[in-house]
Engineer: 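Attaching a single structure in C-alpha cells format; questions to follow.
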Amino acid sequence: MPPVSIERVGAGGRAVVDFADAGCDYPNVSSSQVGVRRCVARERPARYDAEAPAPRLAEAVATLRAGLEQLAAADVGDAADGELGEALLALAEVQTRLTGQEARVLRTFDAREAYRADACVTAASWLRFRARLGHADAQRRCKRARVLRDMDGLRAALEAGEVSVDHVDAVVRRAIPQRLSTIVEHDATLTELARTAEPRHVAVAVARIVELADPDAADDPPPSCTREDLRGWSVRRGFDGLGVVDAATSPVLTELLLRVRDVFSTPDPPDTPPEQRRTPAQRFHDAVLAALTTALDHDPGSAVGGVRAHFVVFSDLQTLLGRDELARIRPRLGATGEIDAETARHLAATTDPTMRAVLGLVPWLPVSVGRARRTLPPFLRTASQLAHQHCRGPGCDRPYAWAEEDHNKDWIDGGLTALFNSAPLCEAHHQLKHRDGWSITFDPHTGAVTWISRDGTRRIDLPPPEP
Ligand SMILES: [Zn+2]
C-alpha cells in the first residue's frame, strides 16, 4: 500500500507525486508544483582503496582539519567570480556530507553510551556540555543520527551530498518512535523525492505517509495526531530581565488561552492617558498572569519540594532595608535570574504571602541539620535552589523542581543532611552516579560541584551556575 508514488519524468528530474487519497487535508503536490532540482552527480575523487585498511577516525579528522586550515589560508579576494561560485557550491556539498559523517559518528557514540565517561546521561546533554551547543541544536543532531540508522537510502544520499540536510530533517522532525517503522518502509520513495523535490514537499509526503498508514494494524499503536506531536513550550532568558517564550500550542491549549484572555483581561480605566494604555498583546499577557496566579492560589498541591510559594525571591536582608551598599548577595528570582534592588523591594512589599524570600544568606553558606533528618527541610531546599538552580549533572539543565537532593556522602555512610553535603540531581543522574560509581562533592565556598569517576581517573569540575 504505497500511499505515495513517484516517477521521474524527463531528463530534468521532474517528479510526479501522486497522493491517492482524495480526502487529504494537505495540499496536493503535482508535477507543476514540484521544483525542478537537477541532481548533479559530480565526479568525486577516488575514495580510500577498498583493499587498504580503513583509516583510523582520529587520523581522518586530523586530515580534515588540515584541509580546512589550507582553505582558511586561501586568497578569496583574488578568486575570479566563477571560481567563487564553484567554491560556494563545493562548500555546500561538503557541509552536507560532513553532516552525514557527523551523524555516523554520533550514532555509534550514542549506541555505546560513550557520553557516560563524562557523567552525562544522554548524547544530547554531552553535546551541550562539551561542544557548548544549544538545547535544540543538540537534540536535532541526535535525533537525525538515530533516525538515519534505519533509513539506508536517505543516509547514503546524505553522506553522498545528494540531498540536503533540510531534506533529511523534513523526515526526521516527523519521525516519532510510534511511526518510525512506517516512515522507514518508505525510505526509498522519500529518498527519491528528496533528490528531486524541495524539503517542504518531502515534509508533505511524510505527513501523507503517516496519515495513510493503517491505524488498525494489530500490534501498532495508532499514529498520533501530527499537530499534537508538534506542541511544545520553552522559556529562555531574554534581554533586560524579560523572558522569551517559544510555544507551539495544541488546539485545546490555544482555545484555553483565548478563553483566559477573554475571562481574565481587564480594560484600562477610562481616565488612563493614551500613552499609558496597554496594547492588546500587553493585556493578553496580564490576563495570563492573572489566571496563573489564581490557579496557584487555589491549587492545594502547588508546593514544590515542600515549599509552597508562587515564586521565590532571593535577597539580602540589607537590600530589603534599603541599604544596598551593605548587601552581600544581589537579589534574584528563583529560576529567572537577577533583578534590581528596587524590584526586589517592590515584590517584597506587594506579593506576600505568595513569595518566599531567603534573607541574609551569603553565597554557599554551609547550613546543616546534621543527622536530625534524612532529607533537606523545605527552608534548606530554598537555599539549595539559590546555590544550584538545576540538576548539577554535567550538561544537565533539568529544573530544580524535577531534581532530588543527593547526599554527596551517602546518609547510610554517616553523611549529614546539609547544604554542603548536598546537590540536586535529576533521576537519570542519580542512577548514573550509582551505576557507574561516581562520587560527587560540592564546595560550599565556591559553589563548584566536582564529579570523580570510580577509579579516580576522570575528574569533572562544574563551576557554579551563572547568576
Ligand atoms: Zn541531570
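These figures come from a predicted structure and were not determined experimentally. Whatever order the structure lists ligands and atoms in, that order sets their numbers, starting from 1.
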Engineer: Does a sphere of radius 6.0 Å around NE2 in His285 hold more than 12 heavy atoms from other residues, nucleotides or ligands, not counting ones at 6.0 Å or beyond?
Structural biologist: no
Engineer: A quick test of your reading: do over 12 heavy atoms of other residues, nucleotides or ligands sit less than 6.0 Å from CZ of Arg458?
Structural biologist: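 Above 12, so yes.
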Engineer: Would you say that Thr319 contacts Pro331 through its side chain, given a criterion of any heavy-atom pair below 4.5 Å between the two side chains?
Structural biologist: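 Yes - at least one pair of side-chain heavy atoms lies under 4.5 Å apart.
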Engineer: Just verifying a value: how many Å separate Arg454 CZ and Ser439 OG, rounded to the nearest 0.5 Å?
Structural biologist: 10.5 Å
Engineer: Surrounding CD of Glu102 (heavy atoms of other residues, nucleotides or ligands, distance under 6.0 Å), is the total greater than 12?
Structural biologist: yes
Engineer: Under 2.8 Å from the Zn ion (ligand 1), which protein N, O or S atoms do you find? Ignore water molecules.
Structural biologist: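 Metal shell, protein only: Cys391 SG, Cys396 SG, Cys426 SG, His429 ND1.
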Engineer: Does atom CZ of Arg132 have more than 12 heavy-atom neighbours from other groups under 6.0 Å away?
Structural biologist: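 Incorrect, the count does not exceed 12.
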